[in-house]
Amino acid sequence: MRSGRWITQNEPLTYLNEATAIWLRDLRGEFRTRYAVNSILMFAVTTLVAVSFSIGSFRIGEAEKPFLCSVLLWIILVFSALSGLSRSFVKEEEAGTMDVLKLSARPQAVFLGKLFFNLTLLGALQLIIVPLFILLMNYKIASPGLFAAMIISGGLGLGAGTTIVAAMIAQASARGALFAVLSFPLLLPLMITAIKGCERAADGMNTAGWPEVRIAVAYTVIMIIMSLFLFPLIWEE
Amino acid sequence: MRSGRWITQNEPLTYLNEATAIWLRDLRGEFRTRYAVNSILMFAVTTLVAVSFSIGSFRIGEAEKPFLCSVLLWIILVFSALSGLSRSFVKEEEAGTMDVLKLSARPQAVFLGKLFFNLTLLGALQLIIVPLFILLMNYKIASPGLFAAMIISGGLGLGAGTTIVAAMIAQASARGALFAVLSFPLLLPLMITAIKGCERAADGMNTAGWPEVRIAVAYTVIMIIMSLFLFPLIWEE
Amino acid sequence: MIIKVLLSIWMAVIISAAFLYAGAAAGFPGQTSRILFFHVPQAWIATLSFLLSMIASCIYLARRSVKTDHLALSAAELGLLFCILATATGSIFARATWGSFWNWDPRQTSIVILLMIYGAYFALRSAVPDPEKRRVFAAVYSILAFVTVPFLVFVVPRITASLHPENTMNPAKPGMDPKTLKVFLGSLLAYTGLFVWMLRLKIRLLRLEGRQEPEFVISEKLKQEGEKG
Amino acid sequence: MYSLKLSNICKHYTGTLLFKDISFELRPGEVLAITGWNGSGKSTLLRIIAGLVRPSLGKVEMFMGDEPIPKESRRKFLGMVAPALALYDELTALENMDFFCKVRGIAYDRESCLNMMERVGLTENANKTCRNYSSGMKQRLKLVQALLHSPPLLLLDEPGCNLDSNGMKIVEDIILEHRQLGMTVIASNEKREVDYAERAINLSE
Amino acid sequence: MYSLKLSNICKHYTGTLLFKDISFELRPGEVLAITGWNGSGKSTLLRIIAGLVRPSLGKVEMFMGDEPIPKESRRKFLGMVAPALALYDELTALENMDFFCKVRGIAYDRESCLNMMERVGLTENANKTCRNYSSGMKQRLKLVQALLHSPPLLLLDEPGCNLDSNGMKIVEDIILEHRQLGMTVIASNEKREVDYAERAINLSE
Ligand code: HEM
Ligand SMILES: Nc1ncnc2c1ncn2[C@@H]1O[C@H](COP(=O)(O)OP(=O)(O)OP(=O)(O)O)[C@@H](O)[C@H]1O
Ligand SMILES: Nc1ncnc2c1ncn2[C@@H]1O[C@H](COP(=O)(O)OP(=O)(O)OP(=O)(O)O)[C@@H](O)[C@H]1O
Ligand SMILES: [Mg+2]
Ligand SMILES: [Mg+2]
């Protein structure tokens with residue numbers, strides 16, 4: 001048993017391997033209980049159906065459509081995300097496994113693993129919601145390339161902005177509320193950018209340079225770098 | 001210690017006392033952790049702000065307003081409820097206190113206690129959301145009496161329709177999703193009724209007899225009676 | 001076996017008759033009305049099996065016999081199948097007559113709710129690991145869902161005026177083309193036969209599967225031991 | 001006079017048989033021990049007696065005199081302690097007791113609750129939320145919860161778990177006192193606890 | 001050579017002092033017992049050593065030779081078992097082990113994991129989800145988790161809790177084996193476990 005195996009830990013191991021292990025474990029746990037993915041997806045689908053039902057019975061002027069549809073799409077995406085993205089940390093705390101994770105993994109690996117997991121959830125969400133939304137709302141997009149880039153970069157930003165907040169609220173007492181309260185202001189700049197970007201993609205004017213996509217990517221990168229520095233502080237006692 | 005105190009249990013005790021004890025305990029626990037109330041309220045407030053932001057920038061024709069506003073109000077109320085009403089049972093299961101509750105309380109008392117708790121949450125939700133919604137959307141109501149009655153009876157129906165579902169999903173494996181999936185079809189008739197009723201109250205025509213309020217009350221009563229019969233079946237192993 | 005052959009011949013006859021024998025009904029564009037011979041019986045079977053499933057659930061709660069649960073489950077499964085078919089054919093039909101696949105017609109709303117209920121029923125079943133608990137929960141849910149149906153029937157027609165035709169296929173209505181009526185009734189019969197046949201098949205399958213389950217094997221073994229000892 | 005009767009209880013989980021043909025009768029004044037290796041089904045058997053788990057075969061009956069007590073009111077006549085039975089974390093100990101009294105329909109009496117707290121040595125911590133209790137303090141509180149309604153049947157699953165020697169002494173006292181009039185079933189691996197029982201059922205055999 | 005050094009550790013929670021001036025040094029081959037009544041702070045002290053709780057005063061240091069090990073990599077050099085440290089319920093035992101190996105950067109080796117499982121007697125249940133484990137089986141799995149990376153410092157909080165006599169034997173073996181080369185801190189109320197230690201700190205004094 002005493003094989004001196006821990007010595008191997010001094011070798012320069014990439015954080016990525018450990019992060020992947022955490023990511024895969026979360027996916028597996030999620031696959032078994034399906035708490036987060038279901039709550040996010042069902043939330044999104046039901047809101048989508050409700051919105052399409054309520055708005056669908058109206059005649060929206062063609063001129064107003066790009067803007068209104070972008071707003072609705074991002075409201076659905078952001079709120080669905082807010083309804084489920086804190087689960088991965090909160091579950092850890094509620095099940096009492098947070099301590100064992102603190103004892104076994106490096107904080108940066110934990111952050112990256114959870115970030116990957118949240119991005120996976122967001123990806124699945126977008127893969128289902130965006131086409132459905134386009135179909136149901138009869139949303140015409142003039143520049144599909146820009147639209148796809150905006151959706152993806154917006155999704156990345158959403159994940160980057162919420163993961164560290166989720167870690168914070170998991171250790172606070174009034175969890176449910178806090179997540180939305182703390183995340184929403186952080187996400188608002190991103191959301192406004194993404195709405196603007198999708199609107200631009202839909203009406204197809206002035207699409208040169210994709211300025212909103214760039215902003216979203218910058219937001220994502222900054223958020224991730226900041227989080228990698230700040231996360232260890234909130235993770236370790 | 002052996003005071004023969006258990007003999008007093010043979011006396012005909014009202015279910016209501018026990019239900020009240022459960023209700024008060026839930027309130028106290030909720031007050032300390034504020035999970036459900038916060039998740040419901042924050043959800044509602046943020047959706048409300050988002051909706052008013054997105055719709056507010058449009059000119060909604062006065063003629064369409066009563067219908068559109070009723071739809072939006074009830075979408076916000078129902079989805080907020082779906083986001084938090086299952087907590088009281090799920091928490092019981094996750095904290096491992098479900099068994100001790102099964103061992104100490106009668107199932108009907110549990111059902112009633114949880115129902116009261118959910119109704120309290122819904123009441124708080126409506127107390128905050130409805131005035132806010134009316135203000136933000138500039139929602140004019142011609143017949144406030146009918147409107148209030150519709151909101152209250154709709155809220156009662158919402159609580160009655162979801163409590164038993166919450167008890168079921170707490171004992172199932174993939175909880176997050178299930179609650180919305182199972183509750184939504186049960187709530188739809190109520191939701192459609194309430195939308196119609198609020199629309200009628202807003203435009204002020206044909207308000208005699210309050211037919212929608214009656215339907216909602218009938219729905220509530222039938223749901224509660226059915227639940228009182230069915231609940232023991234799903235509560236006891 | 002003989003039933004299977006008869007049924008398939010009958011189905012073949014009805015299908016050909018629907019396209020060759022009956023005329024295209026007035027009031028529908030082109031040949032589209034022929035879809036009615038399939039769409040309406042499908043919707044009818046979907047509703048029927050829902051009712052059947054609920055009744056079986058009630059009996060299950062009273063008697064707790066696995067057989068009635070099998071009936072409830074099979075009826076729900078077939079109901080879901082026919083519900084999807086009715087929605088699909090209805091949507092195609094709607095596209096041809098009203099111009100779009102989906103427009104929240106009251107009929108469409110109610111069939112979506114029915115679909116959601118079926119979906120929820122299966123989601124619930126798959127989420128409860130313990131077999132007996134699963135049966136009880138499913139039965140309770142199907143009763144709860146059924147309780148809301150009268151409200152639905154009462155409420156949905158209030159929301160919007162429907163484009164959906166009423167009573168065009170009502171046999172009691174005078175003035176219906178006798179050829180159409182014949183084919184329609186034949187199709188109704190064929191679908192009902194098909195439903196009953198599939199239902200029995202499904203129940204048999206469930207019973208055989210049940211025998212394979214370790215629970216069943218062990219309790220049978222223990223029962224036999226008990227009888228001996 | 002109460003009695004408990006198990007007949008031919010058998011339990012299996014998806015294919016693996018835990019135990020079968022467990023039959024016994026228990027009368028007031030008797031203590032029964034259930035022993036067996038880890039994972040042999042001790043806790044499961046106790047949960048079956050309490051009505052929290054359905055047996056695969058067989059039945060559990062309780063009688064008051066000759067009259068059977070219906071399953072749904074069996075809970076009034078039993079108290080249970082088990083590692084998996086948790087109390088409400090966000091309440092204080094006294095609030096927990098208050099709740100269980102009310103829900104069982106016993107007049108809540110702060111005085112006697114405090115007495116029980118004193119008995120298990122929690123007086124100082126009675127107004128502390130249970131979330132911050134140490135493992136042994138939680139276990140002590142569980143003992144109070146099981147005894148609150150002075151049930152004729154006591155189901156103790158590893159009652160001495162997490163306790164120090166004072167705590168073990170309290171458990172001992174409780175068992176000895178309850179033996180006077182009530183029925184006790186103890187599931188444990190501790191020889192010391194098993195020794196109180198006149199009879200034992202070994203699930204590993 | 002590793003060593004652990006606590007200097008003047010003191011911990012209080014909003015007004016109540018748990019313990020103060022705890023200082024000791026531990027070297028390989030030594031076993032230290034921490035004793036005290038329920039609620040005296042044994043688990044808290046262990047959590048302070050592990051770095052999960054910050055002490056109110058004083059500091060905890062670990063050295064490799066003479067070189068201090070930074071706080072953030074201390075976790076690589078310790079393994080911990082405690083009642084409040086739970087494993088992942090929805091995974092099987094093997095998946096749990098797989099996860100902890102990967103996350104610690106140890107090459108996952110199914111063979112040796114199975115060996116460890118066999119050592120604690122979980123071979124048959126290695127592919128069962130931990131949710132359905134019995135209390136003793138969970139405790140055994142926790143032991144495996146703590147030993148997975150062969151840490152020089154072992155923190156055992158009530159290691160024998162929920163275990164049967166076979167399980168106690170396993171714990172004994174682990175302690176005796178670890179005593180050869182590593183440092184061990186045991187917090188327990190069980191005389192049997194405390195007896196392995198040459199030194200003991202009593203927090204109730
Ligand atoms: C997605 C679209 C549709 C759905 C989900 C749908 C669904 C239904 C349902 C549930 C029924 C009730 C069967 C019963 O009462 O037992 C029905 C009947 C019927 N449908 Fe549709 N339908 C759709 C579109 C259409 C369209 C576009 C037409 C033709 C314009 C149509 C013509 C009929 C007729 C004629 C009946 C028989 C009505 C009667 O005799 O009472 N349906 N459909
Ligand atoms: N829901 C379940 N599904 C499958 N297996 C289960 C379930 N619940 C318990 N088991 C299995 O039943 C066996 C007995 O569990 P139980 O908790 O009764 O053991 P125990 O005798 O109390 O053990 P310990 O001494 O460790 O407390 C274990 O192997 C456990 O894995
Ligand atoms: N977060 C906290 N806030 C306030 N008090 C706390 C907190 N955590 C622990 N305590 C208190 O600290 C004391 C020591 O707890 P600890 O778990 O260390 O005891 P222990 O010696 O391990 O007891 P046991 O033998 O029962 O396991 C207890 O009285 C507990 O109530
Ligand atoms: Mg046990
Ligand atoms: Mg402790």
Side-chain angles (χ1 to χ4, degrees), chain D residues 13-16 18 35-47 53 82-85 89 93 120-125 128-141 143 157-170 187-192 194 202-204, chain E residues 13-16 18 35-47 53 82-85 89 93 120-125 128-141 143 157-170 187-192 194 202-204:
Chain D
Y13 281 114
T14 48
T16 49
L18 272 188
T35 59
W37 301 127
N38 285 148
S40 57
K42 304 180 294 295
S43 304
T44 309
L45 184 55
L46 249 62
R47 290 168 65 81
V53 168
L85 276 192
D89 242 10
V120 297
L122 286 178
T123 326
E124 280 169 36
N125 296 296
K128 206 168 179 175
T129 44
C130 297
R131 160 146 318 120
N132 295 332
Y133 268 29
S134 80
S135 54
M137 287 152 74
K138 281 187 185 151
Q139 182 68 11
R140 286 160 187 240
L141 191 61
L143 289 171
D157 192 358
E158 312 194 34
C161 184
N162 300 319
L163 292 180
D164 57 19
S165 54
N166 277 347
M168 298 294 272
K169 183 80 182 51
I170 294 168
S188 181
N189 298 302
E190 296 261 338
K191 199 174 164 309
R192 207 171 133 187
V194 170
N202 189 336
L203 295 181
S204 305
Chain E
Y13 281 114
T14 48
T16 48
L18 271 188
T35 59
W37 301 127
N38 285 147
S40 58
K42 302 181 293 298
S43 304
T44 309
L45 184 56
L46 249 63
R47 289 167 65 82
V53 168
L85 276 193
D89 242 9
V120 297
L122 285 178
T123 324
E124 279 170 37
N125 296 296
K128 207 166 179 175
T129 45
C130 297
R131 161 145 318 121
N132 295 332
Y133 267 29
S134 80
S135 53
M137 286 152 72
K138 280 187 184 150
Q139 183 68 13
R140 286 159 187 240
L141 192 61
L143 290 171
D157 191 358
E158 312 192 34
C161 183
N162 300 318
L163 292 180
D164 57 19
S165 52
N166 278 345
M168 299 294 272
K169 184 80 182 48
I170 294 168
S188 180
N189 299 300
E190 295 261 338
K191 198 175 164 310
R192 209 172 132 186
V194 171
N202 189 336
L203 295 181
S204 306

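Each chain gets a letter, A, B and so on, in the order its sequence line appears, and its residues count up from 1. No hydrogens, no waters, no symmetry mates; every other heavy atom, side chains included, goes into these values.
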* Asked: Quick one: which of D:N162, D:N166, D:D164, D:L163 gives a side-chain contact (heavy atoms from CB on, under 4.5 Å) with E:N189?
  -> D:D164
* Nearest heavy atoms of E:M137 and D:N38, plus distance in Å -> N-CB, 4.5 Å
* Side chain, backbone, both or neither of E:Q139 within contact of chain D (heavy atoms, under 4.5 Å) -> neither
* **Residue, of E:G121, E:S188, E:G136, that accumulates the most heavy atom pairs under 4.5 Å with chain D** => E:G136
* Atom pair NZ/OG of D:K42 and E:S134 - distance to nearest 0.5 Å -> 6.5 Å
* Interatomic spacing from SG in D:C161 to CD in E:E158 - rounded to 0.5 Å -> 7.0 Å
